[in-house]
Structure formats: structure tokens, C-alpha cells
Amino acid sequence: MLEFGNRSRASGTEALGISEGIVHWNLPPDQLISMALDNGQAKMTTGGAITIDTGEFTGRSPKDKFTVKDAITEKSVWWNNFNIPFDALKFEKLYHKMLRYFDGKEFFVRDAFACADPRYRMNIRVINEYAWSNLFVYNMFIRPTEEELLSFTPEWTVLNAPGFKADPAADGTRQHNFSIIDFTRKIILVGGSGYTGEIKKGVFSALNFILPHQKNVLAMHCSANVGEHGDTAIFFGLSGTGKTTLSADPKRKLIGDDEHGWTEDNTIFNFEGGCYAKTIDLTEEKEPEIFHAIKKGALLENVGFKPGTNDVDYADCARTENTRVSYPIDFIHNIARPSLAKNPKNIFFLTCDAYGVLPPISKLTPGQAAFHFISGYTAKVAGTEAGVTEPTMTFSACFGAPFMPLHPTKYAEMLSRKMKEAGVNVWMVNTGWSGGSYGVGRRMSLKYTRALITAALNGELDNVKYDNHEVFGVAMPTTCPDVPSEILNPRNTWRDKDAYDHKAHDLAEAFLKNFEKFSAYANKEILAGAPSLTVIR
Ligand code: ATP
Ligand code: MN
């Protein structure tokens with residue numbers, strides 16, 4: 001085996017299980033970038049970031065995500081469409097098959113940490129087939145110092161081979177691509193897909209099991225930032241609802257944009273060391289922090305160029321709507337170092353309601369908060385296909401069902417308890433449609449959403465008059481600085497009030513239907529937080 005780079009003295013090449021080839025240990029980003037450019041997998045952009053094509057997959061593949069069913073997981077994991085069981089022996093075989101795939105190849109290893117709170121730090125070793133995937137790992141996880149690298153011993157290992165294709169009949173997968181977690185061996189296999197998010201969300205899924213189940217730390221799919229006076233805010237929400245966009249606030253220090261823990265002593269800590277932002281329709285004017293983070297070292301995925309140039313065309317969705325960029329968190333100017341803070345004061349549930357029913361901001365009671373957390377609602381428009389006018393409704397428990405191995409009530413109970421202990425305000429923010437559903441209304445202006453959040457954070461919504469929403473019962477402020485009062489009650493923004501009432505009724509019905517499977521676990525307080533169908537006509 002030929003070896004290059006900086007490797008651990010404690011756990012080196014012999015520990016990899018790969019017998020021959022060329023291994024690049026912990027290469028600095030510059031070298032990975034040159035190698036990806038030289039082998040033709042990456043292109044240089046005008047701004048200095050490189051861009052790559054993730055191949056067949058430009059997003060995660062939830063149906064191909066498995067968890068090994070064994071003594072640790074059998075009785076603790078909530079087996080469902082997102083937590084699909086995988087046989088331990090089949091895993092063992094596939095693992096060795098993947099190791100043999102690496103034999104004789106040139107590949108990349110990176111040692112990194114997850115969890116900014118040293119008490120929960122997890123050592124991760126990622127073995128990548130491609131240089132750019134290794135750059136992603138550098139950008140997204142917490143980077144050890146040179147000294148820490150020398151003594152690094154991996155606890156978890158991720159094997160990532162986009163070019164490896166499973167044989168479903170022999171290997172027990174659904175199709176050629178797969179992402180499988182084994183909690184006993186502490187190994188994650190990602191094969192057949194180059195989508196980098198699979199690596200990130202694989203580690204996230206592992207932490208979402210380990211932290212609440214074994215360490216009494218709540219794991220959350222949320223972004224977080226902290227104000228000048230040390231007041232922490234967290235933003236839950238499904239994909240595309242605004243976690244990354246809204247947590248990048250020049251007046252507040254960014255803690256992280258996607259994955260956090262909440263400890264027993266009220267610390268909020270980031271799991272990651274980088275951000276993974278959507279770049280579709282990105283502009284400097286609307287999202288300056290993210291725009292300026294796209295520089296040398298950042299890794300763009302699946303974006304197009306303006307004709308005849310290497311200027312990124314952020315409006316180009318020819319490859320996918322899900323164009324992305326990863327960068328180390330310190331590419332954002334105002335950040336918390338290390339990525340943690342105390343004292344959570346405000347929680348925002350972000351939803352992109354393409355039906356235009358939910359208010360732009362509303363305040364929730366503890367019962368409503370628990371109800372909406374377990375529901376995890378958002379509705380998006382599928383994409384930009386011609387003729388698609390109906391939004392698709394999603395209910396994803398805890399705003400992240402695909403990454404939550406435990407039953408939703410486990411996370412919900414922990415959150416409810418913590419919210420009460422910390423005395424937080426809970427707000428629901430609709431970053432989706434206003435003035436009608438998709439096709440009639442328009443997406444809420446980012447400027448207004450930011451102003452609403454700023455007002456909530458600054459206490460400017462503490463002493464204003466509130467109205468309760470007729471169907472959802474949530475409290476809507478009637479005034480807010482820098483936001484026109486007319487938009488605060490969504491019904492006012494619809495020309496056809498009857499149509500609004502119908503849509504609100506339909507949405508409430510969908511919430512209640514979705515909640516049926518959880519009602520057995522819910523107490524009176526939570527059930528009282530549900531929308532009510534009796535008020536309409
Ligand atoms: P993921 O979990 O997939 O990373 P996310 O919750 O971080 O998703 P963002 O990356 O912040 O989502 O995406 C929100 C997108 O919606 C951005 O492209 C942003 O520009 C756009 N957007 C438009 N209007 C608004 C608004 N009012 N509030 C928030 N985002 C908005
Ligand atoms: Mn995000």
C-alpha cells in the first residue's frame with residue numbers, strides 16, 4: 001500500500017481492512033481540489049469554488065436506507081418505512097465486499113469529529129472513493145488539529161463508494177444503491193450513490209439514536225444561532241423550509257444550520273463543522289452570508305454555468321432543483337466558536353405551507369407545540385414541471401422522520417420537558433405561501449420572514465395584541481415592526497375568503513388524520529393543541 005498525507009499513529013493503514021492500493025490520509029483541501037480538477041470530476045468556477053456532478057443521485061434515497069436489526073436495535077428502533085431492517089450477516093458480507101472493492105484503488109481517508117460539545121464527541125473515520133467526497137467530509141465535520149490527528153482512534157467508520165453497485169439478490173438491498181447503519185459494528189456503508197448528503201445524514205441518524213437513547217441528550221433536526229445577550233434560538237423544519245437560510249443572520253452568531261443536540265444542562269451544540277446550503281435561485285442580495293461563503297474551498301453540487309463562462313448560474317435547475325454547496329462553518333462571518341451555546345429562549349417551527357393557510361408567524365401553547373412537533377408538517381411544490389399546480393403535503397414526525405430511529409414520542413417527550421424547564425417561547429413560521437395557495441398566491445417574502453423572526457427574538461411581539469386562528473387555534477400577532485399588518489392573518493390575504501376557509505378545513509382534516517397513529521400516546525394537553533374542525537360553518 002502506498003500512503004500519503006497525515007495519518008494517525010494510533011490507528012493507521014493496517015486498521016482499514018484494505019490490503020493494497022494508494023491511500024491519501026487527511027489531505028488538505030487544496031490537494032483534494034487539485035486532484036478532483038485533474039481527474040476531470042470537478043470544474044473550477046469563477047468565484048474559486050469547485051463544482052461536481054453527484055451522478056445518478058442528486059438527493060437522498062430514503063427507500064434504500066437500512067438499519068441492521070440486532071440486539072441493540074431490535075427492541076429500540078421504531079421499524080417503519082424509514083427504518084428498514086437489514087440482516088446482520090448480509091451486512092457483514094456486504095461490508096467485506098465493499099472493502100474488496102477498494103483493494104488496488106486510489107482512495108481517500110479522513111478522520112473527523114462529530115458533536116461540538118466535547119462530552120459527546122464522536123470520532124469518525126470516512127473512507128471515500130472520490131477526492132471530492134473527501135472534501136465534503138472535510139467541510140462538513142469538525143476538523144481535528146494536527147495533534148489530534150496523530151492520536152486519533154476511530155469509533156465509527158463510514159465506507160463511501162459511489163461507484164460500487166450492490167447486487168440486490170445476493171446482497172439483500174432493494175437496488176444497486178444503499179445506505180446502511182450497523183450500531184453494533186459502528187459502521188455506515190454508503191454505496192452506489194454519490195450524493196454527499198447520504199454521508200452527512202447517515203452520521204446524523206446514528207447520533208439521533210445514540211444521544212437520546214444512551215446519553216440523555218435530545219437530538220434535533222434544526223438550525224441554531226445565538227444573540228448578543230447569549231439568547232439561543234433554534235429553528236426546526238423539514239427540507240426547504242429555511243433552516244439554513246434563516247439561521248444565517250448577521251446580527252446573531254451561527255451555531256449550526258442543520259443538526260443539534262440539547263443537553264441536560266441546557267447546552268445547544270452543533271453535530272457538524274460545516275453548512276450544506278441550497279443554492280437554487282441564490283442571490284447576493286437576498287442571502288449575502290451564504291453567497292459570500294461560496295469561495296475557494298467550498299464544494300458546489302450539480303449547478304450549471306452561464307453559457308460560455310465558468311460563472312455559476314444559480315437559476316439553472318437542469319440537473320436538479322436540489323443544487324447545493326458545502327463549506328466549513330467558518331466561511332460564515334458571525335459564528336459561535338466552538339459551535340455551542342447555553343440558554344435556549346426561542347424555538348421556531350418552520351413550515352413551507354404551499355397551501356397558504358398557516359399564518360406567517362404564530363405563537364404556540366405547549367400543547368400546540370407538542371402537536372405540531374409530532375406532526376412535522378410542510379407542503380411544497382414538487383418542482384418546476386409544467387402543469388404541476390397542486391402542492392404535496394408532508395407530515396414527517398419531529399420534522400425529520402427519515403433520520404429518527406426512535407419512536408417520535410421519545411423525542412417529543414424530551415422536547416416538551418426541556419421547553420418547560422427552559423421556559424422557551426415556541427413560534428410557528430410559515431415560510432411558504434401567502435395570498436392564496438401555490439398558483440394563486442406567492443411565496444412569503446424572505447424580508448418579511450426575517451423581520452417577523454427578528455421581532456420575535458427581540459421581544460417586540462411580547463406586548464402586542466393577538467388573535468387566535470379560527471381553525472388552528474394558534475395566536476397570531478396583529479402588528480409587527482417592518483411587516484404590513486394585513487399579511488399577519490392569512491385569511492386577509494386571500495381574495496376568496498370561502499376558498500381560504502375550505503383550504504384551512506382540508507388542511508386541518510389532514511393534520512387530524514395524520515395524528516391518528518399518535519393519539520394513543522398523546523395526553524389531554526397535546527390533544528387540545530390540535531386544530532378544530534367544528535368552528536367552520
Ligand atoms: P435542508 O434541510 O434541505 O437543508 P433547509 O430547511 O435548510 O433545508 P434552506 O436551505 O434554508 O432549507 O432553503 C430555503 C429555501 O427557500 C432557500 O432557497 C430560500 O432562498 C427560499 N426562500 C424563499 N422564501 C423564503 C422565506 N420567506 N423564508 C425562508 N426561505 C425562503
Ligand atoms: Mn439546510
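In each ligand, atom 1 is the first atom listed, and ligand 1 is the first ligand listed. Fair warning: this is a prediction, and the values are worked out from it, not measured in the lab. In what follows, residues are counted from 1 in the order of the sequence shown.
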Engineer: With distance as the sole test, does Tyr500 use its side chain to make a donor-acceptor pair with the main-chain N or O of Val357 at under 3.5 Å?
Structural biologist: yes
Engineer: Under 4.0 Å from any heavy atom of Thr245, which atoms of ligand 1 are there?
Structural biologist: 9 (P), 11 (O), 13 (O), 14 (C), 17 (C), 19 (C)
Engineer: Is the cationic atom of Arg143 (NZ for Lys, CZ for Arg) positioned less than 6.0 Å from the six-membered ring centroid of Tyr138 and within 45 degrees of its normal?
Structural biologist: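 Satisfied, under 6.0 Å and within 45°.
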Engineer: Give the numbers and elements of all ligand 1 atoms closer than 4.0 Å to a heavy atom of Thr241.
Structural biologist: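 Heavy-atom distances to Thr241 below 4.0 Å select 6 (O), 12 (O).
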Engineer: Looking only at distances, please establish whether an N/O atom of ligand 1 is found under 3.5 Å from an N/O atom of Gly242.
Structural biologist: yes
Engineer: Would you kindly specify which portion of Ser445 sits under 4.0 Å from ligand 1, judged on non-hydrogen atoms: side chain, backbone, both or neither?
Structural biologist: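 Within the 4.0 Å criterion, Ser445 contacts ligand 1 through backbone atoms alone.
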Engineer: Is Lys306 salt-bridged to Asp316, cutoff N-O under 4.0 Å?
Structural biologist: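 No, Lys306 and Asp316 are not salt-bridged.
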Engineer: Considering only protein heavy atoms, which is closest to atom 2 (O) of ligand 1, and at what distance to one decimal place?
Structural biologist: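 Result: Lys243 NZ, 2.7 Å.
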Engineer: Side chain, backbone, both or neither: which part of Thr244 comes within less than 4.0 Å of ligand 1 when only heavy atoms are counted?
Structural biologist: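 The part of Thr244 near ligand 1 is both the backbone and the side chain.
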Engineer: Does an N or O from Glu287, backbone or side chain, lie closer than 3.5 Å to an N or O of ligand 1?
Structural biologist: yes
Engineer: Parallel, tilted or perpendicular, judged at 30° and 60°: which one describes the rings of His221 and Phe204?
Structural biologist: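 Rings of His221 and Phe204: tilted, as their planes differ by 30° to 60°.
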Engineer: Taking non-hydrogen atoms only, is Arg443 closer than 4.0 angstrom to ligand 1 via side chain, backbone, both or neither?
Structural biologist: side chain
Engineer: Just go through Ser247, Ala248, Cys275, Gly240 and tell me whose heavy atom is the nearest to atom 14 (C) of ligand 1.
Structural biologist: Gly240
Engineer: Going by atom types alone, do Thr279 and Thr323 pair a side-chain donor with an acceptor below 3.5 Å?
Structural biologist: yes
Engineer: Counting backbone and side-chain atoms alike, does Thr245 have an N/O/S atom under 2.8 Å from the Mn ion (ligand 2)?
Structural biologist: no
Engineer: Can you confirm whether the side chains of Thr58 and Asn322 place a donor and an acceptor under 3.5 Å from each other?
Structural biologist: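 No - no donor-acceptor pair under 3.5 Å links their side chains.
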Engineer: Among side-chain atoms of Tyr276 and Asn139, is any donor-acceptor pair under 3.5 angstrom?
Structural biologist: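 The criterion, which ignores hydrogens and geometry beyond distance, is not satisfied for Asn139 and Tyr276.
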Engineer: Kindly confirm or rule out a cation-pi arrangement of Lys295 over Phe331, judged by NZ or CZ under 6.0 Å from the six-membered ring centre and within 45° of its axis?
Structural biologist: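 Relative to the ring axis of Phe331, which defines the angle, Lys295 lies inside both limits.
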Engineer: Does a donor on one side chain sit under 3.5 Å from an acceptor on the other, for Thr46 and Asp311?
Structural biologist: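 The criterion, which ignores hydrogens and geometry beyond distance, is satisfied for Asp311 and Thr46.
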Engineer: Within ligand 1, which atoms have a heavy atom of Leu238 less than 4.0 Å away?
Structural biologist: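 In order of number, 6 (O).
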Engineer: Show the atoms of ligand 1 that are less than 4.0 angstrom away from any heavy atom in Arg324.
Structural biologist: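 Close to Arg324: 1 (P), 3 (O), 4 (O).
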Engineer: May I ask you to identify, for Lys286, whether its side chain, its backbone, both or neither come under 4.0 Å of ligand 1 on a heavy-atom basis?
Structural biologist: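 Answer for Lys286: neither.
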Engineer: Between ligand 1 and Met444, is the shortest N or O to N or O distance under 3.5 Å?
Structural biologist: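 N/O-N/O distance below 3.5 Å exists for this pair.
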